[in-house]
Amino acid sequence: MSTNTTDNSRKVTTRRLVEMKQRGEKISMLTAYDYSSAKILDQAGIDVILVGDSASNVMAGNVTTLPITLDQMIYHGKSVIKGVNRALVIVDLPFGSYQGNPMEALASAIRIMKESHAEAVKIEGGSEIRESIERILSAGIPVMGHLGLTPQSINKFGTYAVRAREEEEAKKLIEDAKMLEEIGCFGIVLEKIPADLAKRVAEELTIPVIGIGAGGGCDGQVLVMHDMLGINQGFSPRFLRRYADVASVMTDAVSRYIEDVKSGDFPNESESY
Ligand code: KIV
């Protein structure tokens, strides 16, 4: 049952996301990396803002998410937090900030919480990083898991194709999802996996499962803001729905501005002192 009963004034917390799942209210989540965008998303009523390491792609122009640093994630997190009143803000732990050992993972998560004032962290991986996640959780830091296509492992996968189509990988994903719930994660992102597998995970878990390219059976959906707004035009996977063509709007506005400057039409008298 879906009851879209979004309360646009109440602060979203990790606990509230679980309550939303319990009453069948879908969770909306988008990425943001700066103050102005985060403010627009928050005022529009988005439930969760993810300061994703996709900032590496859409903000910095890198081919993968691997180059972005912990300092850069904290910078983006800090900027986003200033624009948000209601949404829950989660910051990604970037590649290289948690794989070394659990203490490194904890130190990175603490820096994110202390310096950006975000409310939770997200981390890619399952059983192989269990101890790191447990260490972060033990410090009272809420953790969201991320399974399926985990872009920080792109060099191992060698492709951005759909994950867990084969039985063995699907079985590991289910085990990892259950483990993440058991150790205390408040939610999980499932990226680019078959819809029936994601639906099964969402049904078997009590914590919210947020999908991206994982079908409609999840408890919520996340997209990269630049993709869904049509700012990033070079990315058109099957799962992406474009809600605007902001690149065309910007191109048109900038072209008219150039024309007006060149012709001397801008600024006119009323735009001058
Ligand atoms: O970094 C990101 O934007 C993400 C989403 C794709 C879930 O992790």
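One is the number of the first residue; the rest follow in order along the sequence. One-based numbering, in listed order, for ligands and for the atoms of each.
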(message) Looking only at protein heavy atoms, which one is nearest to atom 5 (C) of ligand 1, and what is the separation?
(response) Leu50 CD2, 3.7 Å

(message) Is the contact between Asp92 and ligand 1 made by the side chain, the backbone, both, or neither, using heavy atoms and a 4.0 Å cut-off?
(response) side chain

(request) Run the numbers for me: atoms of ligand 1, each under 4.0 Å from some heavy atom of Val224, listed by number. (result) 3 (O)

(message) Quick check on contacts: which atoms of ligand 1 are under 4.0 angstrom from a heavy atom of Ile212?
(response) 6 (C)

(request) Would you check if the side chain of Asp219 reaches a backbone N or O of Val209 as a donor-acceptor pair within less than 3.5 Å? (result) yes

(message) Counting C-beta onward and ignoring hydrogens, is there a side-chain heavy-atom pair between Ile49 and Leu88 closer than 4.5 Å?
(response) no

(request) Name the option, out of Gly211, Pro94, Ser54, that contains the heavy atom nearest to atom 2 (C) of ligand 1. (result) Ser54

(request) Say whether, by atom type as modelled, one donor and one acceptor occur between the side chain of Lys78 and the main chain of His117 under 3.5 angstrom. (result) no

(message) Under 4.0 Å, counting heavy atoms only: does Lys122 come that close to any atom of ligand 1?
(response) yes

(message) Which of the numbered atoms in ligand 1 are under 4.0 angstrom from any heavy atom belonging to Gly52?
(response) 1 (O), 2 (C), 3 (O)

(message) If the test is side chain to side chain contact (heavy atoms under 4.5 Å, CB included), which one of Ile112, Asp53, Ile133 qualifies with Leu93?
(response) Ile112

(message) So for His146, does at least one of its heavy atoms come nearer than 4.0 angstrom to any atom of ligand 1?
(response) yes

(message) Ring of Phe186, cation from Arg15 - is the NZ or CZ under 6.0 Å from the centre and inside 45° of the axis?
(response) no

(request) Check the angle between the aromatic planes of His76 and Tyr33 and answer parallel, tilted or perpendicular using the 30° and 60° thresholds. (result) perpendicular

(request) Heavy-atom contacts with Thr31 under 4.0 Å: which atoms of ligand 1 show up? List them by number with element. (result) 3 (O)

(request) From the options Val48, Ile81, Asp42, Leu50, select the one residue that forms a side chain to side chain contact (heavy atoms under 4.5 Å, CB included) with Val89. (result) Ile81

